[in-house]
> 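Handing you this structure, nothing more for now.
Counting convention: from 1, in listed order, for ligands and their atoms alike. All heavy atoms count here, side chains included; hydrogens, waters and symmetry mates do not. Along the sequence shown, residues carry numbers from 1.
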Amino acid sequence: MSGGGSNLRALLEAAATADYPARVVAVGSDRPDAGGLDVAAEFGIPTFTVALEDFGNRADWGDELLSQIEQWRPDLTVLSGFMRLLPPAVVGALSPDLINTHPAYLPEFPGARGVRDALAAGATETGASLIVVDNGVDSGPVIAQERVAVLPGDTETTLHDRIKPVERRLLIDAVRAIALGTLDLKELARS
Ligand code: GRF
């Protein structure tokens, strides 16, 4: 499930190569205008949108989202740029096979403004993380993470632009390892 779609594009490009062991079966969003939906269409991947506004409450929204996801029987659900907390029923059904990218070195700077918060704090380094989603805000077990330096004069855009390629690499490598069975999310979530 995606936002602007740069992580999704990178994953779809990787999945299109013969030796990559994972395939993307569907792409979902909570916003009909999410760039990731266009990227998915470009690659011929089925899409679905489940907008919170169309439901009376978050639990019903989550139930519909879960049923849309489960209809594809994915081995793994990847969030990237999905800027809402998932209801506990969704997390309970999918985690630990539910992962998220985050543009900071967790547990530093969790939440929706990870890049901005790192800059505001005057950090000299931040990073990129890939985590298992749990019921907290970016609080699940870390699958992989890497440091990225904050440079003098960095803006939120320039810093995020340097973090995103790292996020993409972490995501592609981890999805490969999960598909090959060399990375076991259940074991990671237990430890
Ligand atoms: C990524 O930095 C992700 O970690 C954050 O939002 C951005 C989404 O980028 N939550 P994209 O949708 O993959 O382009």
Side-chain angles (χ1 to χ4, degrees), residues 1-16 20 22 24-43 45 47-52 65 69 74 76-86 90-91 94-95 98-121 123 125-151 154-176 178 185:
M1 296 197 286
S2 178
S6 65
N7 281 305
L8 173 65
R9 179 179 293 280
L11 191 58
L12 288 172
E13 282 171 357
Y20 197 75
V24 177
V25 292
V27 172
S29 178
D30 66 322
R31 287 173 25 205
D33 60 344
L37 296 172
D38 297 332
V39 176
E42 206 184 295
F43 281 77
I45 308 289
T47 62
F48 58 88
T49 299
V50 184
L52 179 58
L65 195 55
I69 294 168
L76 180 71
T77 302
V78 178
L79 306 185
S80 189
F82 190 79
M83 302 306 279
R84 291 187 193 278
L85 275 184
L86 289 171
V90 180
V91 175
L94 298 177
S95 189
L98 175 65
I99 68 177
N100 190 22
T101 60
H102 184 74
Y105 199 90
L106 291 168
E108 299 168 8
F109 310 117
R113 298 190 165 81
V115 180
R116 192 183 308 176
D117 290 349
L119 277 175
E125 52 179 16
T126 180
S129 303
L130 186 69
I131 59 169
V132 173
V133 176
D134 68 6
N135 281 310
V137 177
D138 300 323
S139 56
V142 172
I143 300 164
Q145 58 188 169
E146 198 171 303
R147 285 289 184 188
V148 174
V150 180
L151 300 180
D154 255 342
T155 63
E156 193 176 342
T157 306
T158 59
L159 181 54
H160 205 168
D161 283 350
R162 284 204 318 287
I163 292 171
K164 285 177 95 169
V166 181
E167 277 188 68
R168 297 200 278 270
R169 181 160 40 74
L170 295 180
L171 177 65
I172 287 165
D173 288 350
V175 170
R176 180 192 294 109
I178 292 163
L185 294 178

> With a cut-off of 4.0 Å, which atoms of ligand 1 are near a heavy atom of His102?
4 (O)

> Give a yes or no on whether the backbone of Val133 and the side-chain of Ser95 come within a donor-acceptor separation of less than 3.5 Å.
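It does hold such a pair.
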
> Determine yes or no for a side-chain-to-main-chain donor-acceptor pair under 3.5 angstrom, with Tyr20 supplying the side chain and Ile172 the backbone.
yes

> Can you list the ligand 1 atoms lying under 4.0 Å from a non-hydrogen atom of Thr101?
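In order of number, 3 (C), 4 (O).
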
> Between the candidates Gly81, Ala104, Ala128, which shows the shortest non-hydrogen contact distance to atom 6 (O) of ligand 1?
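The residue whose heavy atom sits nearest atom 6 (O) of ligand 1 is Gly81.
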
> Checking Arg113 now: which residues fulfil side chain to side chain donor-acceptor pair (under 3.5 Å) with it, not counting sequence neighbours?
none

> Which of the listed options, Gly5, Pro103, Ser6, holds the heavy atom that is closest to atom 5 (C) of ligand 1?
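The nearest heavy atom belongs to Pro103.
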
> Is the closest side-chain heavy-atom distance between Leu171 and Ile99 below 4.5 Å?
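Leu171 reaches Ile99 side chain to side chain.
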
> Measure from atom 2 (O) of ligand 1 to every heavy atom in Lys164, Glu167, Arg168 and give the option owning the shortest one.
Glu167

> Just jot down the side chain to side chain donor-acceptor pair (under 3.5 Å) partners of Asp173, sequence neighbours excluded, or say none.
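Expected list: Arg176.
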
